[in-house]
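So that the names make sense, note that chain A is the first sequence line, chain B the second, and so on, each numbered from 1.
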Amino acid sequence: MPKNTPSFSKKLISWYLHNKRELPWRGTKNPYHIWLSEIMLQQTRVAQGLPYYLKFIENYPTVQQLAHAPEDAVLKLWQGLGYYSRARNLHATAKMVSKDLKGVFPKTYKDLLQLKGVGDYTASAIASICYNLPEAVVDGNVYRVLSRYFGISTPINSSAGQKEFKKLAQLVIDTNEPGTYNQAIMEFGARFCVPQNPNCGNCIFNDSCEAYKSNKVSELPVKLKSKAVRKRFFNYMVIISEDEKTLLQQRLGKGIWHKLYEFPLIETSEEVTLSELKKLPQFQKFSENMEIESISLYNETPIVHKLSHQHLLTRFWIVTSKKEVKNLIPISEIFKYAVPVLIENFVSEFFEGS
DNA sequence: AATCCGGGGCA
DNA sequence: TGCCCAGGATT
């Protein structure tokens with residue numbers, strides 16, 4: 001189909017060799033390092049993931065050391081990076097590779113795909129970068145570059161689009177150096193063929209890019225709109241005991257922040273007053289083994305914590321207690337627990353200097 | 001096929 | 001504000 005495919009991949013690789021960023025996971029084929037970086041960079045910018053990559057390599061230099069770490073420690077190190085199932089799957093896969101595979105990562109696309117947290121993109125990335133296999137990656141950058149260069153308007157988040165772009169990516173990959181090619185097209189998308197206002201006038205492809213020729217660069221790629229975000233109302237009960245302790249609970253159900261810690265949470269369907277809060281069954285349960293001395297609202301205006309798919313309108317209630325409550329932890333030890341950024345921000349603000 | 005799952009950067 | 005980011009799992 002694409003008649004200038006060789007030129008496309010060659011120019012891409014040439015651009016890459018002259019313009020690539022030097023990153024810690026470049027220039028190595030160590031599958032542990034590549035795997036770790038690829039998991040971290042899922043839906044995550046290089047600038048955001050980089051410090052986490054360095055922390056993980058420093059704390060866990062080998063897959064065996066990661067495997068032997070407690071899950072809580074892995075989650076704590078992952079704290080702030082989001083999409084925490086990645087951290088749980090990372091740890092599970094480390095244990096699997098360490099025990100069942102004696103520390104040796106799978107060496108084919110098909111076998112890599114069996115690992116928890118490794119999908120089409122990540123299996124292709126590891127296979128091509130570590131083992132020189134001609135497996136084309138398709139990430140957000142690849143969608144953008146291919147849709148523009150070839151002028152394809154199939155929505156990238158439709159199943160038809162995913163198939164079409166995967167097939168095209170596999171067609172144009174440079175099979176002689178697939179790892180370099182895959183990184184080249186992603187780097188090109190991340191650094192030059194950017195979503196907004198790309199510098200097409202200076203682009204190496206401005207003589208062959210279909211979108212540029214037809215003045216449709218700003219319209220590609222096409223993406224179906226997702227539905228509106230859900231609003232949720234969170235009331236966090238921050239217990240302060242006389243001996244400077246508080247209560248944290250681990251989230252164990254389905255949903256966001258699985259296995260992270262937070263203050264006791266009372267979720268409501270709307271913003272509530274203190275008297276309304278006190279009437280709720282969840283509040284009764286919360287306070288049943290306590291002798292509450294006082295409750296005061298820390299923030300009248302809810303803190304809006306925005307996730308990609310829901311907005312959390314959050315208010316913190318400060319609860320002082322006379323009677324000893326069970327399972328309290330010293331406030332000075334909150335930092336040992338993996339908590340959502342929403343909680344971390346409150347803790348650092350509220351307990352600052354105390 | 002659609003939805004869920006974080007957090008941050010940018011125009 | 002809305003969109004995007006070296007996506008994957010679940011329903």
Check: What integer number of Å spans the P atoms of C:dA6 and B:dA11?
Finding: 15 Å
Margin query: salt bridge (charged side-chain N to carboxylate O under 4.0 Å, His left out) for A:Lys167 and A:Glu164? Distances and angles first, verdict last.
Written below: CA-CA 5 Å; A:Lys167 190 174 174 184; A:Glu164 183 176 354; over 6 Å; no
Notebook entry, point to check: Should the heavy atoms of other residues, nucleotides or ligands under 6.0 Å from NZ of A:Lys216 be counted, would the total exceed 12?
Noted result: no
Next item on the list: Walk along DNA chain C from 5' to 3' and tell me the first and last nucleotide with an atom closer than 4.0 Å to a non-hydrogen atom of chain A.
Entry: C:dC4 to C:dT11
Note to self: Taking any heavy-atom pair under 4.0 Å as a contact, classify A:Asn182: base, sugar-phosphate, or nothing.
What the structure shows: nothing
Item checked: From OH (A:Tyr53) to CD (A:Glu38), nearest 0.5 Å -> 10.5 Å
Next item on the list: Give, ordered by number, those residues of residues 14-26 of chain A having at least one heavy-atom distance below 4.0 Å to an atom of DNA chain C; if nothing qualifies, reply none.
Entry: A:Trp25, A:Arg26
Checklist line | Whether A:His68 side chain and A:Gln64 backbone form a donor-acceptor pair below 3.5 Å | finding: yes
Notebook entry, point to check: Base, sugar-phosphate, or nothing: which does A:Val118 touch, judged by heavy atoms less than 4.0 Å apart?
Noted result: sugar-phosphate
Check: With rounding to whole Å, what would you report as the distance between B:dG6 and C:dC3 at their C1' atoms?
Finding: 15 Å
Notebook entry, point to check: Looking for any heavy atom pair under 4.0 Å, which part of the strands does A:Thr122 touch: base, sugar-phosphate only, or nothing?
Noted result: sugar-phosphate
Notebook entry, point to check: Nucleotide by nucleotide, 5' to 3', does protein get under 4.0 Å of the base (B), only the sugar-phosphate (S), or neither (-) in nucleotides 2-11 of chain B, counting heavy atoms?
Noted result: --SBBBB---
